[in-house]
Amino acid sequence: MAHLPTGRSLKRLLTLALTTAALAASVAAPQAASADDGAPSVPPHAPQFPLTAVDGPGDVYVFWPDGKGGLGPREFVLGGWQTHLGATHVDHDRDGLAEGAYGQRADGRMFYVTDAGERMLDGQWGQYDQLLSPGDLGGSAQADVIARDPKGVLWLFAAREDATLRPGVRVGPGWNRYVQIAGLGDLTGDRVPDVVGRDRAGVLWLHQGTGDARKAFSAPVPIGLGWNRYNHLTSIGDLDQDGTSDLLARDRAGVLWLHPGTGDPRRPLGQRQRVEGGAGWNQYRLLF
């Protein structure tokens, strides 16, 4: 059975997808190849993940960063995801590249998949309607997972070294004010992962990460109006490779837009740019 491209296979593909010049421009620190697989060194606060898309029939595709702030052509990975509820890539080894993904099955179970295969995790995860991994929020040395329950409470699940998840720690109530929550890596320049939430009035709110799992996020701050023009938000990290994570937004016409991160907490997102490739992104049920 085919699996999502993760682990060393994903890193080798990403190495091919990113040009040397683009990588040199994206990270100030000198690049160092991994001794294991030759993948580029990428800072965990500005990771570089592929965009994964799942259409209605359940076919899964990946779009690799093209090294110029856009996405390359889609590549088919596998089918059979027509009833999956959600998924999120993770960077447990903190090299800025995804080596695995968590996902929710329709039966409420959670799986973790790498290029070595898929395994099921304990717990009933179908109750959560938002699931993502912004990075290391202070819960562990690995990438933490956050999930929202039906009452609007956000929970943080710290990952162990074997990618199993520790019991959830309550982050706080009131997260049901948001239509969607998104984020991967740092938007504000402090190297701690942040998330954003869009409310029903179209206001975008920034929840800045604190680095302390006991209080994972600072109080929300409004950072933009008119975001109800979009029907989906996601992040794959640093798409334009300037050393700061970015946000992707799909509008109601199916056009994908890049909102580049600035690293400035007072204005964390810059002017939007249309992602090359035209419209048609409404065909996808999941984007992560």
Side-chain angles (χ1 to χ4, degrees), residues 4-5 10 13-19 21-23 25-27 40 42 46-56 59-77 86-89 91 96-98 101 132-134 179-187 194-198 202 204 206 223-263 267-288:
L4 287 178
L10 183 146
L13 286 169
L14 188 55
T15 302
L16 295 174
L18 300 175
T19 66
L23 278 174
S26 69
V27 184
V42 179
Q48 296 169 6
F49 289 7
L51 178 63
T52 304
V54 183
D55 65 14
D59 289 335
V60 182
Y61 302 90
V62 293
F63 298 81
W64 299 100
D66 64 5
K68 299 177 291 185
L71 298 168
R74 75 176 189 177
E75 299 178 15
F76 175 78
V77 179
T88 181
H89 286 295
D91 171 27
L97 304 172
L132 71 151
S133 175
V179 176
Q180 192 175 11
I181 305 163
L184 174 64
D186 173 33
L187 291 171
D194 310 304
V195 299
V196 297
R198 176 177 72 84
L204 192 71
L206 170 69
I223 57 171
L225 303 174
W227 284 76
N228 48 5
R229 76 183 74 175
Y230 302 121
N231 59 19
H232 190 82
L233 304 178
T234 192
S235 176
I236 60 171
D238 183 12
L239 180 60
D240 60 8
Q241 297 175 35
D242 64 354
T244 304
S245 284
D246 309 307
L247 191 67
L248 289 170
R250 182 183 65 190
D251 69 21
R252 299 182 185 281
V255 177
L256 196 64
W257 298 87
L258 168 67
H259 287 262
T262 66
R267 186 176 173 268
L269 296 173
Q271 185 175 359
R272 72 174 188 169
Q273 306 164 21
R274 179 171 173 150
V275 176
E276 292 184 10
W281 290 90
N282 274 340
Q283 67 184 292
Y284 301 114
R285 185 173 59 85
L286 300 176
L287 289 171
F288 63 94

Contacts of type side chain to side chain donor-acceptor pair (under 3.5 Å), residue Asp251, not counting sequence neighbours: Trp257
Closest approach of Leu184 and Ser235, non-hydrogen atoms and distance? CB-OG, 3.6 Å
As a quick check of understanding, evaluate side chain to side chain contact (heavy atoms under 4.5 Å, CB included) for Leu132 and Phe288, giving each step before the final call. CA-CA 9 Å; Leu132 71 151; Phe288 63 94; over 6 Å; no
Got Asp186 and Asp194 here, is their nearest side-chain heavy-atom distance under 4.5 Å? yes
Which heavy atom in Asp91 sits nearest to a heavy atom in Gly96, and how many Å separate them? OD2-N, 2.8 Å
Qualifying side chain to side chain donor-acceptor pair (under 3.5 Å) pairs with a residue from residues 267-278, counting only residues at least two apart or across chains: Tyr230-Arg272
Looking at every heavy atom in both Pro65 and Pro50, which two are closest together, and how far apart are they? CD-CA, 4.1 Å
Identify the heavy atoms of Thr262 and Thr244 that sit nearest to each other, and give their distance. N-CG2, 4.0 Å
Could you check whether the rings of Phe63 and Tyr284 sit parallel, tilted or perpendicular, using 30° and 60° as the cut-offs? perpendicular
Determine the interplanar angle of the Phe49 and His89 rings, folded into 0 to 90°, and report it as parallel if under 30°, tilted if 30 to 60°, perpendicular if over 60°. perpendicular
Do you know which two heavy atoms are closest between Gly185 and Pro47, and how far apart they sit? CA-CD, 4.1 Å
If we only count heavy atoms from C-beta on, is the Asp66 to Leu71 side-chain gap below 4.5 Å? no
Looking at CH2 of Trp64 and OG1 of Thr52, how far apart are the two atoms once the value is rounded to the nearest 0.5 Å? 7.5 Å
From Leu247 CG over to Thr234 OG1, what is the distance, rounded to the nearest 0.5 angstrom? 8.0 Å
pair Leu233-Leu204: side-chain heavy atoms closer than 4.5 Å: yes
Quick one: does Pro260's side chain get under 4.5 Å of Asp246's, heavy atoms only? yes
Val196 and Leu187, any side-chain heavy atoms less than 4.5 Å apart: yes
Test of understanding: with side chain to side chain donor-acceptor pair (under 3.5 Å), list the residues that count as partners of Asn282, not counting sequence neighbours. Asn231, Arg250
Does the side chain to side chain contact (heavy atoms under 4.5 Å, CB included) test come out yes or no for Leu287 and Leu248, once each step is laid out? CA-CA 10 Å; Leu287 289 171; Leu248 289 170; over 6 Å; no
